[in-house]
Amino acid sequence: MSNVERISCIAGDITRLNVDAIVNAANETLLGGGGVDGAIHRSAGPKLLAECRNLGGCPTGEARITKGYDLPARYVIHTVGPIYSGARDDDPTLSACYRNSLRIAAENHCKSLAFPAISTGAYGFPFKRASRIAIASTMMELERLLTIEQIIFVLFSEDKLVEFKEILGGSN
Ligand code: AR6
């Protein structure tokens, strides 16, 4: 399967997706927060927080996996995006979030995976720049991870979907 067939994008709420794993844009405590993190914890129920407490946090750029509990998704992969500062490290750190999430997904035999736009909300990463990094990092990693069949980028508005589609179209 080519990357073009494996990658798609939609506008919607990531918590509603029936995929093997959804990715959470978390913070280093892994103890919940606002944005997509808050939505995921609300939909998954309190057992998710209980499992997260046992993980002891997660450094920025890395990823951890838990069960999905009351979510339709079987797993949640929690990754911690960089807080945008304009520093040289921002781009490679965001890229690492996508690569590490994909690796954990493959290790856990996930074939379908949904990503939110990591770091583009509270963490302030410019959306277009983040989208280019998300797409390039995912395409590169999918070359190696042949068991992953479907990646869905979930944008939270139609406007963001249009912007993302333009970049995805230009990357194919
Ligand atoms: N489904 C899909 N996308 C969503 C949803 C949803 N249900 N809700 C929000 N988004 P953010 P960050 C979009 O702020 O920038 C949290 O408090 C949102 O519009 O959730 O990585 C954590 O605990 C935006 O485009 O994550 C951290 O402290 C994108 O998801 C901090 O925020 C990411 O926005 C992480 O900040």
Side-chain angles (χ1 to χ4, degrees), residues 7-46 48-66 68-87 89-102 104-105 112-135 137-138 150-168:
I7 296 176
S8 61
C9 54
I10 59 168
D13 177 355
I14 200 167
T15 64
R16 311 306 293 262
L17 291 196
N18 190 357
V19 285
D20 293 329
I22 62 172
V23 175
N24 183 16
N27 60 62
E28 286 191 337
T29 70
L30 298 185
L31 298 180
V36 70
D37 194 6
I40 287 173
H41 276 274
R42 273 194 301 280
S43 301
L48 178 61
L49 184 57
E51 186 176 355
C52 284
R53 284 192 200 286
N54 290 328
L55 294 175
C58 175
T60 300
E62 294 189 18
R64 302 285 186 267
I65 192 166
T66 64
Y69 298 100
D70 295 343
L71 290 163
R74 181 145 179 238
Y75 296 108
V76 179
I77 295 172
H78 308 260
T79 189
V80 183
I83 299 172
Y84 187 75
S85 67
D89 280 356
D90 291 340
D91 292 7
T93 304
L94 185 61
S95 175
C97 290
Y98 285 92
R99 286 185 282 111
N100 287 325
S101 297
L102 285 159
I104 287 197
S112 55
L113 180 66
F115 279 107
I118 300 163
S119 281
T120 67
Y123 281 0
F125 215 111
F127 182 78
K128 281 189 179 161
R129 185 179 182 120
S131 301
R132 278 187 216 105
I133 293 166
I135 292 164
S137 310
T138 298
Q150 188 188 20
I151 303 289
I152 306 171
F153 289 102
V154 183
L155 292 315
F156 209 41
S157 71
E158 292 294 337
D159 289 0
K160 295 291 179 203
L161 177 64
V162 169
E163 285 187 50
F164 191 90
K165 262 187 187 162
E166 268 176 33
I167 298 168
L168 183 59

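Start at 1 and go down the list; that is how both ligands and their atoms are numbered.
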*Asp13 (side chain) donor-acceptor with Phe156 (main chain) under 3.5 angstrom*: no

_Side chain to side chain, Arg53 and Leu31, heavy atoms closer than 4.5 Å_ = yes

*With side chains defined as the heavy atoms from C-beta onward, is the minimum distance between Cys52 and Thr66 less than 4.5 Å?*
yes

*Which of these, Ala25, Gly121, Gly35, has its nearest heavy atom closest to atom 15 (O) of ligand 1?*
Gly121

*Parallel, tilted or perpendicular: which describes the rings of His41 and His78, with under 30° parallel and over 60° perpendicular?*
tilted

*If only atom types and distance count, is the side chain of Ser112 paired as donor or acceptor with the main-chain N or O of Asp20 below 3.5 Å?*
yes

*Does Ala117 have a non-hydrogen atom less than 4.0 Å from ligand 1?*
yes

*For atom 3 (N) of ligand 1, closest protein heavy-atom neighbour*: Phe156 CD1, 3.6 Å

_Quick test of your reading of the structure: of Tyr123, Phe127, Phe153, whose heavy atom lies closest to atom 36 (O) of ligand 1?_
Tyr123

*asked:* Side chains of Asp91 and Arg129, heavy atoms from C-beta outward: is any pair under 4.5 Å?
replied: yes

*Give a yes/no on ligand 1: does Thr120 have at least one heavy atom closer than 4.0 angstrom to it?*
yes

_N/O separation below 3.5 Å, Ile14 to ligand 1_ = yes

*How close does the nearest protein non-hydrogen atom get to atom 20 (O) of ligand 1, and which residue and atom is it?*
Val36 N, 2.8 Å

*Tyr123 side chain near Asp90 side chain, heavy-atom distance below 4.5 Å*: no

*Looking only at protein heavy atoms, identify the closest one to atom 32 (O) of ligand 1 and say how far it is in Å.*
Ala122 CB, 3.7 Å

_So is Gly12 touching ligand 1 or not, going by heavy atoms under 4.0 Å?_
yes

*Distance filter under 4.0 Å to Asp37 heavy atoms, resulting ligand 1 atoms*: 22 (C), 23 (O)

*Between Thr60 and Glu28, does any side-chain donor sit less than 3.5 Å from a side-chain acceptor?*
yes

*Check ligand 1 against Gly33 and write out every atom of the ligand that is under 4.0 Å from a heavy-atom position of the residue.*
17 (O), 23 (O)

_I want to confirm something. Looking only at heavy atoms, which of Asp13, Asn27, Leu94 is nearest to atom 7 (N) of ligand 1?_
Asp13

*Could you check atom 21 (O) of ligand 1 against the protein and tell me its nearest heavy-atom contact, residue, atom and distance included?*
Ser119 N, 2.8 Å

_Given Ile104, which partner from the list Ile77, Thr79, Leu113 fulfils the side-chain contact (heavy atoms from CB on, under 4.5 Å) test?_
Ile77

_For atom 16 (C) of ligand 1, closest protein heavy-atom neighbour_ = Gly34 O, 3.4 Å

